[in-house]
Protein chains: 2
Amino acid sequence: MGLTKTEIFSEQQNQIAVFAKAFAHPARVAILQHLFKMDTCVCGDLVIEIGLAQPTISQHLKELKQLGLIKGNIEGTSVCYCIDQENWNKMKKVLNEFFDLDISAAGNCC
Amino acid sequence: MGLTKTEIFSEQQNQIAVFAKAFAHPARVAILQHLFKMDTCVCGDLVIEIGLAQPTISQHLKELKQLGLIKGNIEGTSVCYCIDQENWNKMKKVLNEFFDLDISAAGNCC
DNA sequence: TTGTTTCATTGCAATATTACGATATAACGA
DNA sequence: TCGTTATATCGTAATATTGCAATGAAACAA
């Protein structure tokens, strides 16, 4: 069916999945890394930097923006993107709570 | 085209994306959470616990296993799954290095 | 105004993912 | 052996994702 049954999962489980989806493509990872690397905001040189077509980059940026992980400011003809620090930290908290589930509780039968 | 151009990204970027894909579906998040919650390994009661059809759960387990995040042991007619602690920690390290990129370096133009 | 630059949107094709019914397989108990 | 139980695999349908050419829109410069 290709349709995820979100309704049978908890809000937390769905939130983890939605955040993880942001990083589930190397282009979006590359975009975010580049936004971190630049100490000032970047615009469309992501297209040159990454090597995908402009509409493709624009689409990935849109997804990251909708998730709230990045912000965009119009500056003349170009658009300046950067990390949304508040939401980035929120995402980190949600995912790390999941990652840090106590491994010692996991049995040793395998 | 639906085909990710993995060849234009670094190995690290692809690895982050591959790991993130593991958590990009709430069913897999639920499976992993359940494996953590049980202090002993679990088998196919994941099907009852989660509420998806048995083939669907089996498919998700296969993906997690191929990634190395879980291990499976045959025990009679049932199969016992549990977290692969070593690879889980490896995954955590890779993703946290990415999450902890210095936010202070990100400009404040947005 | 006209052309240029920069980015977003649209439309489409190709591939990937999700889900499940049907079926296979393998171990066990009677 | 035969039936049962537990899980995996196959096949298929539906939806999602990725990528780009073509086009649109908005700001600027001449």
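Order of the sequence lines fixes the chain letters, A, B, ..., with proteins taken first and strands second; residue numbering starts at 1 for each chain. These values consider heavy atoms only, across backbone and side chains, with no hydrogens, waters or symmetry-generated copies.
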| Side chain B:Gln54 and base D:dA6 donor-acceptor under 3.5 Å |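 No, no donor-acceptor pair under 3.5 Å.
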
Whole-Å distance separating the [atom1] atom of [X] from the [atom2] atom of [N]:
X: B:Glu63; N: D:dT7; atom1: CD; atom2: P; result: 18 Å
X: B:Ile70; N: D:dA8; atom1: CD1; atom2: C1'; result: 14 Å
X: A:Leu61; N: D:dG19; atom1: CG; atom2: P; result: 13 Å
X: A:Lys5; N: D:dA16; atom1: NZ; atom2: C1'; result: 17 Å
X: B:Leu3; N: C:dC12; atom1: CG; atom2: C1'; result: 16 Å
X: B:Ile31; N: C:dA19; atom1: CD1; atom2: P; result: 10 Å
X: A:Leu52; N: D:dC20; atom1: CG; atom2: C1'; result: 10 Å
X: A:Phe23; N: D:dT18; atom1: CZ; atom2: P; result: 14 Å

With a cut-off of less than 4.0 Å, is there a side-chain N or O of [X] near OP1 or OP2 of [N]?
X: B:His25; N: D:dA16; value: no
X: B:Lys62; N: D:dT7; value: no
X: A:Thr77; N: C:dT6; value: no
X: A:His60; N: D:dG19; value: yes
X: B:Tyr81; N: D:dA8; value: yes

Classify [X] by what it touches in the nucleic acid, base, sugar-phosphate, or nothing, heavy-atom distance under 4.0 Å.
X: A:Lys21; result: sugar-phosphate
X: B:Ile57; result: nothing
X: A:Thr56; result: base

| message | From the set C:dT18, D:dT9, C:dT6, return the single nucleotide nearest to any side-chain atom of B:Ser58. | response | D:dT9

| request: Among the candidates C:dA19, C:dT15, C:dC7, find the nucleotide nearest to the side-chain atoms of B:Gln59. | output: C:dA19

| query | Do A:Asp100 and B:Lys92 meet the salt-bridge criterion of a basic N to acidic O distance under 4.0 Å? | reply | yes

| query | When the nearest nucleotide of DNA chain C is assigned to A:Pro55 and to A:Phe9 on a heavy-atom basis, which residue is associated with the more 5' position? | reply | A:Pro55

| query | Which comes earlier along DNA chain C counting from the 5' end, the contact point of A:Lys65 or that of B:Ala53, where each point is its nearest nucleotide? | reply |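 It is A:Lys65 whose nearest nucleotide is closer to the 5' end.
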
| message | Need to verify one output field. Residue with the more 5' nearest nucleotide on DNA chain D, A:Gly76 or A:Arg28? | response |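 The residue mapped nearer the 5' terminus is A:Arg28.
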
| Does the separation of the ring centres of A:Phe36 and A:Trp88 fall below 6.0 angstrom? | yes

| said: Could you tell me if the side chain of B:Leu52 sits less than 4.5 Å from the side chain of B:Ile57, heavy atoms only? | reply: yes

| said: When you compare the side chain of A:Leu32 with that of A:Phe23, does any pair of heavy atoms fall below 4.5 Å? | reply: yes

| message | With a 6.0 Å cut-off (strictly less than), is the heavy-atom count around CD of A:Glu86, excluding the residue itself, greater than 12? | response |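 It does not: A:Glu86 CD has 12 such atoms or fewer within range.
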
| task | Give a yes or no answer on whether the side chain of B:Arg28 reaches the backbone of B:Glu63 with a donor-acceptor pair at less than 3.5 Å. | result | no

